[in-house]
Structure formats: structure tokens, C-alpha cells
Amino acid sequence: MSFTFASWNVNSIRQRERHVLDWLDRKKPDLLCLQELKCETALFPRSFADAGYHPVVVGQKAYNGVAMLSRDPVELRCDKLPGFAHDAARYVEIGVAGMVIGNLYLPNGNSGGATGFATKRAFLDALAGRARSLLDEEEDFLFTGDFNVCPTDEDYAPGALSPDDALLRPESRAGWRRLLWLGLTDALRAVAPSGRHYTYYDYQNAAFQRNAGLRIDHALLSPRLAERLVSVTPDRDERAKEQPSDHVPLVVTLS
DNA sequence: ATGCCTAGAAAGTCTAGA
């Protein structure tokens, strides 16, 4: 039996409610992982439950916020990232279909000066710790979401970011590589070792029309799940819609 | 020239996003 999940930073779930409902109706994934809800838990739209999805929502006012929408009932495991002290709705972890799935919204790291960037590094550190714990427990697990890291120079369009952007900084990339070195597989690069496969296009300067994108939304698979990987596709079409999110869904199918 | 969008909070235009 196959399992299809997607990660989608929706940049306000209330602004994007219709887009997400339509997308679910067309794609029918087993699980959709949402980031940047920009709303409190109590204000999360009811329509997704009405459409047959079990919602798990970790919201907050104005910023951040993550949610999971699952076809099957799920077990909530964590509503924050263990080892990450900051009080922000940036992580939710569930158990479903024999897997542990962590849905994350990593701090961007460009705002707040040195403190803001330190928060990004702290999240990456805690995520590596979480990976080690799940490996020790011999869980089949995956992390997916908006990592706010371009892993290599091939993962952003030339000129789309300044060279010292927090998405590119050596510390950000080192945090990403550490997850790979723990044995996790970058799902997109496992099926497409090279080439442009962006998941984000800035609203400004016609970035989408110029294909001036970034690859910052990812799925990292534990070893046994990597063996089940079938396909990974950024759903570019979604960015061409009226009033879209600046991110597109990243769709992953496991056998 | 971190600015040319977009969203939220809130009633000014900030902050944050990336």
C-alpha cells in the first residue's frame, strides 16, 4: 500500500483555505503538512475536517503555526521540538501508518540580527538531536516542512539571494548536512540528483515568471523509508494560481 | 537599493517573511 504526503507552506491558512481544499480534492494525499498558518489554533478553518481530514493544529497569533491533515486518525507525539526552548509554533510530530512524521517550520534567520540567526542554529541543533533519538528508538521517521535552507548553490536561482543570506550561510548548510550525515535522505535529490527543482518563488520582481526560485522545502527520510521512495514533485502549477502562497506543495510518494 | 510583494495586527505604518 502506498503513502503519499505533501509539505506546503501556505502563508496564511485563512487566505489559502480555498486553494488547499481544492488541492486536497484533486490530489487526495494521505497526509498534508502545513506551515505558516498565521492563525491561532481555535481559528483554524473547520472545512478540512468537513472534507474528511483529521486535523492536528499547533497555531499561534499572527506568526508561524503548523498543522497536519490526515486521511486516517493519527497519534499526536509532540507539539514542540524537543530541545528547542523558544516558544513558537514551529513543530508538530505525529505517528501514522507505522511512521513518525515531524512537520517543521524552521526560523528564517534573517530577522532579529545575531539573536535571530542563533535561533535558527538552535532549531537545527535540536532537530539533529531529535533525529538521533528516533534513530536510537529504531523508528521509521521523516522530517518535512519549510527548512529555510538552500542546501547547495544549485538550490537557488543565480541572484535570487544575496551571498550572505541566512538561507545560504555556512552554519545553515552545516546544520542541514549534519542531518544527512546521520543517515537521512534528501528525498528530492534522491530522485533528481541535479537540476532546478524550486519550491519557493518570491512575490516580488516576477520571480515565478523568471523561474527565480529557491529549494527550501524538503523531506528527509530515515533509511528504511528511503528504500520505499517512489517519487518527489514540487507542484509548480499551484504557484500560477490567483493569490497563491509563495511556496508550492512538495509531494512525496512512498511504496 | 533588503527595495520593487504579501499578510497580520491594528489604525501609524510597523514586523516578518526569504
Side-chain angles (χ1 to χ4, degrees), chain A residues 7-20 33-45 57-67 84 86-91 103-124 127 144-176 188 196-218 234 236 238-250:
Chain A
S7 172
W8 195 0
N9 177 322
V10 288
N11 184 22
S12 170
I13 190 59
R14 286 174 293 178
Q15 292 297 323
R16 232 62 68 194
E17 182 177 358
R18 294 309 315 176
H19 295 73
V20 175
C33 303
L34 300 167
Q35 305 91 35
E36 236 186 321
L37 304 179
K38 290 184 171 177
C39 83
E40 293 169 285
T41 302
L43 298 178
F44 188 83
V57 182
V58 178
Q60 75 178 71
K61 192 170 185 174
Y63 302 117
N64 309 321
V66 288
F84 181 68
H86 302 262
D87 192 22
R90 292 183 175 274
Y91 188 81
N103 174 23
L104 61 102
Y105 175 45
L106 223 139
N108 173 291
N110 280 307
S111 64
T115 304
F117 190 64
T119 303
K120 179 173 197 166
R121 295 181 66 181
F123 194 106
L124 283 162
L127 195 60
T144 194
D146 178 358
F147 285 68
N148 272 318
V149 177
C150 294
T152 73
D153 286 346
E154 198 173 14
D155 294 314
Y156 71 103
L161 292 172
S162 76
D164 61 344
D165 194 283
L167 280 59
L168 306 178
R169 281 178 60 171
E171 300 92 330
S172 304
R173 287 176 164 178
W176 168 263
L188 186 284
R196 296 182 174 205
H197 299 278
Y198 302 138
T199 65
Y200 165 91
Y201 304 86
D202 200 289
Y203 287 121
Q204 303 184 67
N205 306 321
F208 180 61
Q209 288 73 13
R210 295 185 295 113
N211 198 27
L214 315 176
R215 187 173 81 96
I216 53 176
D217 301 271
H218 306 296
R236 239 179 141 267
E238 208 55 35
R239 189 62 178 80
K241 299 257 160 76
E242 292 291 317
Q243 294 185 291
S245 170
D246 40 6
H247 296 250
V248 305
L250 180 72

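Below, all heavy atoms of this structure are taken into account, side chains as well, without hydrogens, waters or symmetry copies. On a predicted model such as this, the values are computed, not experimentally measured, just so you know.
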### Task
Using a 4.0 Å heavy-atom cut-off across all strands, classify A:R90 as base, sugar-phosphate, or nothing.
sugar-phosphate

### Task
Pick out which of A:H247, A:R16, A:Q35 makes a side-chain contact (heavy atoms from CB on, under 4.5 Å) with A:V10.
A:R16

### Task
Kindly check if the number of other-residue, nucleotide or ligand heavy atoms within 6.0 Å of CZ (A:R121) is above 12?
no

### Query
How is A:N148 classified with respect to the nucleic acid when contacts are heavy atoms under 4.0 Å: base, sugar-phosphate, or nothing?
sugar-phosphate

### Task
May I ask you to decide if A:Q243's main-chain N or O and A:H19's side chain share a donor-acceptor pair within less than 3.5 Å?
yes

### Toward the 5' end of DNA chain B, by each residue's nearest nucleotide, A:K61 or A:Y200
A:K61

### Task
Using the C1' atom on both, measure B:dT15 against B:dA10 and round to a whole Å.
12 Å

### Query
Expressed in whole Å, how much space separates the P atoms belonging to B:dA1 and B:dT13?
26 Å

### Query
Starting at the 5' end of DNA chain B, which residue's closest nucleotide do you reach first, A:P107 or A:Q204?
A:Q204

### A:Q209, CD atom: more than 12 neighbouring heavy atoms under 6.0 Å
yes

### Query
When you look at A:Y201 and A:R236, which way does the side chain to side chain contact (heavy atoms under 4.5 Å, CB included) test go after all the steps?
CA-CA 10 Å; A:Y201 304 86; A:R236 239 179 141 267; 3.2 Å; yes

### Query
Are any side-chain N or O atoms of A:D246 and backbone N or O atoms of A:Y203, one a donor and one an acceptor, separated by less than 3.5 Å?
no

### Query
How is A:Y105 classified with respect to the nucleic acid when contacts are heavy atoms under 4.0 Å: base, sugar-phosphate, or nothing?
sugar-phosphate

### Task
On DNA chain B, reading 5' to 3', which nucleotide is the first and which the last to sit with an atom under 4.0 Å from a heavy atom of chain A, could you check?
B:dT2 to B:dA18

### Message
A:D155 vs A:T152, test: side chain to side chain donor-acceptor pair (under 3.5 Å). Steps then yes/no.
### Response
CA-CA 5 Å; A:D155 294 314; A:T152 73; 3.0 Å; yes

### Task
Describe the nucleic acid contact of A:D146 in one word from base, sugar-phosphate, nothing, applying a heavy-atom distance below 4.0 Å.
sugar-phosphate

## Note on the structure
Numerically ordered, the residues 152-164 of chain A set in heavy-atom contact under 4.0 Å with DNA chain B is A:S162

### Task
Indicate whether any N or O donor in one side chain lies under 3.5 Å from an N or O acceptor in the other, for A:K38 and A:N11.
yes

### Gap in Å between the two P atoms, one belonging to B:dG12 and one to B:dT6, rounded
24 Å

### Sugar-phosphate, base or nothing in reach of A:E36, heavy atoms under 4.0 Å
sugar-phosphate

### Query
Do other residues, nucleotides or ligands put more than 12 heavy atoms under 6.0 Å from A:R18 CZ?
no

